[in-house]
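The structure appears right after this line, and notes come after that.
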Amino acid sequence: MIEIGKILGFLREQFSDAILETETQYDFEVVTIQSDSIIPVIAALKNHPEFSFEYLTTLCGIHYPDKSQIAVMYQLHSLSNNIRIRLKTYLSEESPTVRSLTSVFKSANWMEREAYDFYGIHFEGHPDLRRILNVETMIAFPMRKEFPLEDQIRTDKEDKMFGR
């Protein structure tokens, strides 16, 4: 069984300039990578003969309005070693753009389309980047925390009904 320390050592050795932070969250190793290096890092983890992270479990967007950033989070699973790792990269809120992972994992296609649809993340090189669940004419990205949770003009609701 491979230890996560060996994987982190490999990443630090091969991509020392690209790694911004490593931490453990809920027994999950999280590595923050510069956005221009995220695809080579994931490709190296997938193609490494010993680590073999051959399964892309998750690719999704996360909005951090306090930091004016949008993150793309990737979770990889090595089925042969039964180990998982989470990689994150941060993008500017004004122009969230990162290279597409579809050249490494074909399954990234739908996940990137969903992240585009809900967060407005542009994946450069994506073969068919268009909305997947919302209507094409929609001008907003609904998962961004840019809008109030409730309709501000409604008069049939009072804050005291919601514990405020």
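On a predicted model such as this, the values are computed, not experimentally measured, just so you know.
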>> Under the rule for side chain to side chain donor-acceptor pair (under 3.5 Å), what residues qualify as partners of D128, not counting sequence neighbours?
In response: R130
> If you group Ile, Leu, Val, Met, Phe, Trp and Tyr by side-chain heavy-atom gaps below 4.5 Å, do L133 and M138 land in one group?
Replying inline: no
>> Keeping R113 on the side-chain end and L129 on the backbone end, is there a donor-acceptor pair under 3.5 Å?
In response: no
> Can you tell me how far the CG atom of L87 sits from the CD1 atom of I38, to the nearest 0.5 Å?
Replying inline: 5.0 Å
>> Among residues at least two apart in sequence or on other chains, which ones pass side chain to side chain donor-acceptor pair (under 3.5 Å) with D117?
In response: R131, N134
>> If you compare all heavy atoms of S37 against all heavy atoms of P40, which two are closest, and at what distance to 0.1 Å?
In response: O-CD, 3.1 Å
>> So, using side chain to side chain donor-acceptor pair (under 3.5 Å) as the criterion, who are the partners of S78 when residues are at least two apart?
In response: N81
>> Does L91 form a side chain to side chain contact (heavy atoms under 4.5 Å, CB included) with V72? I'd like the steps, not just the answer.
In response: CA-CA 8 Å; L91 313 169; V72 181; 3.7 Å; yes
> Taking only residues at least two apart or on different chains, which pairs with a member in residues 36-45 satisfy salt bridge (charged side-chain N to carboxylate O under 4.0 Å, His left out)?
Replying inline: none
> Given the side-chain rings of F51 and F10, with only the six-membered ring counted for Trp, is the space between their centroids under 6.0 Å?
Replying inline: yes
>> Under 4.5 Å side-chain heavy-atom separation, chaining through any Ile, Leu, Val, Met, Phe, Trp or Tyr, what else clusters with F28? Say none if it is isolated.
In response: none
> Between CD1 of I39 and CD1 of I33, what distance do you get to the nearest 0.5 Å?
Replying inline: 11.0 Å
> Does some side-chain heavy atom of V31 sit less than 4.5 Å from a side-chain heavy atom of E23?
Replying inline: no
>> Could you measure the distance from the OG1 atom of T22 to the CD atom of E29? Nearest 0.5 Å is fine.
In response: 6.0 Å
> Who are the ring pair (Phe, Tyr, Trp, His ring centres under 6.0 Å) partners of H122, not counting sequence neighbours?
Replying inline: none
> Sub-3.5 Å donor-acceptor pair from the side chain of H63 to the main-chain atoms of K145, do we have one?
Replying inline: yes
> Is there a donor-acceptor pair under 3.5 Å between the side chain of T24 and the backbone N or O of D27?
Replying inline: no
>> Give me each pair satisfying salt bridge (charged side-chain N to carboxylate O under 4.0 Å, His left out) with a member in residues 3-19, each pair once, sequence neighbours excluded.
In response: K6-E50
> Are V30 and L11 linked, directly or through other ILVMFWY residues, by side chains that come within less than 4.5 angstrom of each other?
Replying inline: no
> With Q75, which of R84, R86, K88 fulfils side-chain hydrogen bond (donor to acceptor under 3.5 Å, both in side chains)?
Replying inline: R86
> What pairs with E114 under side chain to side chain donor-acceptor pair (under 3.5 Å), at least two apart in sequence or on another chain?
Replying inline: none
> Do you know the tightest heavy-atom contact between I121 and A71?
Replying inline: CD1-O, 4.2 Å
>> Nearest 0.5 angstrom please: L76 CG to L56 CG, how far?
In response: 6.0 Å
> Does M73 sit in a hydrophobic cluster with other residues, and if so which ones, taking ILVMFWY side chains as linked at heavy-atom separations under 4.5 Å, directly or through other members?
Replying inline: I62, Y64, Y90
>> Can you list, by chain and residue number, the hydrophobic cluster partners of L79 when the side-chain cut-off is 4.5 Å?
In response: Y55
> Are H126 and N109 close enough, and set up right, to give a side chain to side chain contact (heavy atoms under 4.5 Å, CB included), and what steps lead you there?
Replying inline: CA-CA 7 Å; H126 190 281; N109 187 323; 3.2 Å; yes
Please list every donor-acceptor pair under 3.5 Å in which a side-chain atom of residues 97-106 meets a protein atom from a residue at least two apart or in another chain.
{"from": "S100", "atom 1": "OG", "to": "T102", "atom 2": "N", "distance (Å)": "3.1"}
{"from": "S100", "atom 1": "OG", "to": "T102", "atom 2": "OG1", "distance (Å)": "2.8"}
{"from": "S100", "atom 1": "OG", "to": "E112", "atom 2": "OE1", "distance (Å)": "2.6"}
{"from": "S100", "atom 1": "OG", "to": "E112", "atom 2": "OE2", "distance (Å)": "3.4"}

>> Rounded at 0.5 Å granularity, tell me how far OG1 in T58 sits from NE2 in H77.
In response: 11.5 Å
>> side chain to side chain contact (heavy atoms under 4.5 Å, CB included), that's the test. Do I83 and I7 meet it? Break it down for me.
In response: CA-CA 10 Å; I83 193 164; I7 297 165; 4.1 Å; yes
>> For L59, is there any backbone N or O sitting under 3.5 Å from a side-chain donor or acceptor partner on Y74?
In response: no
> L20, L8: one ILVMFWY side-chain cluster at the under-4.5 Å cut-off?
Replying inline: no
